[in-house]
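Notes follow once the structure below has been shown.
Each chain gets a letter, A, B and so on, in the order the sequences are listed, and its residues count up from 1.
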4 protein chains.
Amino acid sequence: MSDTSAASTNAHHLTTPNTVVSTSKAAARIRVAAAEAFAENGYGGTTTRDIAARLGLSPAAMYPHYKSKEELLFAISYEGHLKCVELLTEADEPGAAPTARLVSVVSAFTSWQATHHVRGMVVQYELTALSPEHYREILTLRREISRIIERIIREGAQDGSFVVPDVAGVNLAINSLCVDVCRWFPGGGFTDPDAVADLYAELALRLVGATR
Amino acid sequence: MSDTSAASTNAHHLTTPNTVVSTSKAAARIRVAAAEAFAENGYGGTTTRDIAARLGLSPAAMYPHYKSKEELLFAISYEGHLKCVELLTEADEPGAAPTARLVSVVSAFTSWQATHHVRGMVVQYELTALSPEHYREILTLRREISRIIERIIREGAQDGSFVVPDVAGVNLAINSLCVDVCRWFPGGGFTDPDAVADLYAELALRLVGATR
Amino acid sequence: MSDTSAASTNAHHLTTPNTVVSTSKAAARIRVAAAEAFAENGYGGTTTRDIAARLGLSPAAMYPHYKSKEELLFAISYEGHLKCVELLTEADEPGAAPTARLVSVVSAFTSWQATHHVRGMVVQYELTALSPEHYREILTLRREISRIIERIIREGAQDGSFVVPDVAGVNLAINSLCVDVCRWFPGGGFTDPDAVADLYAELALRLVGATR
Amino acid sequence: MSDTSAASTNAHHLTTPNTVVSTSKAAARIRVAAAEAFAENGYGGTTTRDIAARLGLSPAAMYPHYKSKEELLFAISYEGHLKCVELLTEADEPGAAPTARLVSVVSAFTSWQATHHVRGMVVQYELTALSPEHYREILTLRREISRIIERIIREGAQDGSFVVPDVAGVNLAINSLCVDVCRWFPGGGFTDPDAVADLYAELALRLVGATR
DNA sequence: AATGAATGAGGCTTCATTCAT
DNA sequence: CATGAATGAAGCCTCATTCAT
């Protein structure tokens, strides 16, 4: 519990979006257009022209808002990761039972990935294009996400709510599951984020061998 | 059984690698070097120079073997996908119990993804760089992979071996799990492909609600 | 007369240079430099570097103005051909006697070819480098030029002003004569376009067997 | 006459084809294929692959026969020019009347250009691609051709057979006429080299103002 | 804030040519 | 002689980015 509060403090410490992600209207529109382009063609397959064209602007128009294409990618990635951290932090209720917590967190994560699957593609699969410094900064956030879930699994395993063969392995699996949603959603018959969220919550419970 | 033979016929029908992937020694070495480069930096982040340099060759050296960088990507992707189809087709034992089949198939898939995680990265995550025609061709193979697993889940659900809330959804989940291995392996404490394979087979059984 | 007005209408119909040849100052300078380079070394023997270097620009500088080297060639070729069509159309005086008309037209054509012999080389001898579509478009203009002269020969032959063994053949010959000027001018003792124009007008009259 | 014999001596001096143009069967076939390619696409627009492909050979196959692509062009150009010199030299009958000589020479030249219009294109219009040394060597032959015709015109003008405003100018014109045949033949209704030859002989007489 | 023109760097590819076979 | 593989040079073009406007 002290552990948890520390974590949330930690997360709060990370929460300084203003210094990283511009809040201006135009900058936000550019981020949206860029995310779409990156999602469709990959960072390397996207030109500044592509992005600008989606907004009816000239390629030079993004430079008052972002120092470079990579900074733009970082802004999208950072904002997305931060949102996830906040989301999962909020979804997790440290006092509640592991089962309820897992359901809440996995539902939230899955739902976000489905709803924001375009941004998700960039957030989850365009990490290699980041500069080393930015990559490191993003890794910090990703670790935080992983820890939130792992903590629940570990605590559930300790108090007997869950029966897991390998905490790290199962954590990896649940993460894979949630992360990968953005890659196929909508698809496989799913068009409603909540439906996927419900299914995946159930599947997460199965993965951890939740008793009942 | 007729079902299975149909599947294997189907897979066999797809199996015409010679017409797609050059079997020459030099061409194969280029594929390996390119796969490493693509895995590390992404297709868009890799130059033909990068690839050639890994082999101590000039940038033009790949052109007698591949018409373009994209053709090279396709060759790697095609070969990898085809290998997976063959692997899973072989691993599946149509006559056996769904539980055994699922374990066999998931083990095989996971193990391959872990062992060939470099190639796996290209196979799984560099699809958007393919030309539309090549992308379509690869999709055919991917669907085949998905079907192999889905068939087992469906049959297990029908004969009561499995209890699944949603065949398509669970299939998606198991696929996500296996596919995603290449992205983090080695990692999370795992360095032995077989260890991951065993864990994931167990997790797959949990996902399908295998009765014992 | 109706014939003539039809022709001029026709020529006017072709006269839409704005849609084809950029009117910007920079684009025009590039055309001049490129024409010189093409004339000296041929299209295939000219690099985008060559052209840019003549203007003290970087090789990429032409791309905001022309989509490709071939488009640049086309612009030069189109502008030159159009100019010729206009020139000859203007020089031809439908009401006048065939002799006077032939002198006027051949003089004008010859003078242009001599004066603009650099551009002429590109206009006349770099047709094979054009794309099929562009080639076709240029052919339309060339046919118009040929027709202007042929019409005069035919009318002169009909009214007895000329005595020609073969209208098409003589037309071909007069065209060859005029076109070829750009290849040797200045040379053969000629440095004054008007001198060549006068000579060639006289020679054209001889070719058509003008009765005095 | 002494003039003529000097000329023929001169021409003979130039006649050392063996040292320049290989007489081997294979080399000749390559020249033919190359001439076709050059004629169609220009020297710069032709690749060694293009040429080899026309013979079903690999691009490397021409190198035992020609040191370079430019040497191949030179061989074609030299052989063609030499042939012309020989042809015109033969066609010219020093003792005959200027009128008869002009008819004979122009007929021969025109006929050759029409018959060998493919080679003609290379001979006449691919001069800029030659190396400076080769260009100079070819120029010698071209001057010889020009002189053969000019001599006839001058002699005709002197003995009153012709009435020309300007010997050099008329010579230029007759040369233009003959040279340019290869560019349009077959065309303009002409498919028979002899028909063009007859017409052009008549036109040449007109150009020189032949009395009768 | 936004643009059109320009650029330096570099990318993919082609090409003429060589060489071992 | 002919070839397939390989290469160095270079070509065309694109791209992220800058800058004057």
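- As rounded to whole Å, 10 Å separates atom P of dT7(E) from atom CG of Leu55(C).
- In this structure dT21(F) sits in a base pair with dA2(E), meeting the Watson-Crick or G-U test at under 3.5 Å.
- For the pair Glu40(C) and Arg54(C), the salt-bridge criterion is met [side-chain N within less than 4.0 Å of a carboxylate O].
- Going from atom NZ of Lys69(C) over to atom C1' of dG11(F) covers 8 Å, rounded to whole Å.
- Spacing between atom CD of Glu71(D) and atom P of dA16(E) amounts to 15 Å, rounded to whole angstrom units.
- The nucleotide dG8(F) finds its pairing partner in dC15(E), both defining distances of the Watson-Crick or G-U wobble pair being shorter than 3.5 Å.
- With hydrogens and angles left out, the side-chain atoms of Arg119(C) and Gln124(C) include no donor and acceptor closer than 3.5 Å.
- Two residues, Ala60(B) and Leu57(C), neighbour DNA chain E, and the one matched to the more 5' nucleotide by heavy-atom proximity is Leu57(C).
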Under the side chain to side chain contact (heavy atoms under 4.5 Å, CB included) rule, what do Ile76(D) and Val122(D) come out as? Steps first, then yes or no, please.
CA-CA 8 Å; Ile76(D) 296 166; Val122(D) 182; 3.9 Å; yes

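- Nucleotides of DNA chain F nearest to Ser58(D) and Tyr43(A) differ in position, and the one nearer the 5' end is that of Ser58(D).
- Listed pair Thr48(D) / dC15(E) fails the phosphate criterion, with no side-chain N or O lying under 4.0 Å from OP1 or OP2.
- Between Phe74(B) and His134(B), the ring-plane angle classifies as parallel under the 30° and 60° cut-offs.
- Side-chain nitrogen and oxygen atoms of His65(B) include none within less than 4.0 Å of the OP1 or OP2 phosphate oxygen of dG4(F).
- Atoms OH (Tyr63(B)) and P (dC12(E)) sit 7 Å apart, rounded to a whole Å.
- A donor-acceptor contact shorter than 3.5 Å is absent between the side chain of Lys67(B) and the backbone of Leu72(B).
- Between Gly44(C) and Pro64(B), the residue anchored closer to the 5' end of DNA chain F is Pro64(B), taking for each the nucleotide with the nearest heavy atom.
- Pairing of dG10(E), defined by two Watson-Crick or G-U wobble distances under 3.5 Å, is identified with dC13(F).
- Whole-Å rounding puts the Met62(D) CE to dT17(E) C1' distance at 9 Å.
- In this entry the distance linking CD1 of Ile51(C) with C1' of dC12(F) reads 11 Å, nearest Å.
- Regarding Lys67(A), its NZ atom lies at a distance of 15 Å from the P atom of dA1(E), rounded to whole Å.
- Each of Gly56(C) and Pro59(B) was assigned the nucleotide of DNA chain E with the nearest heavy atom; the assignment lying further toward the 5' end belongs to Gly56(C).
- One can place CG of Asp50(C) at 12 Å from C1' of dA10(F), the figure rounded to the nearest angstrom.
- Residue-level contact check: Ser24(B) touches neither bases nor backbone, having no heavy atom under 4.0 Å from any strand.
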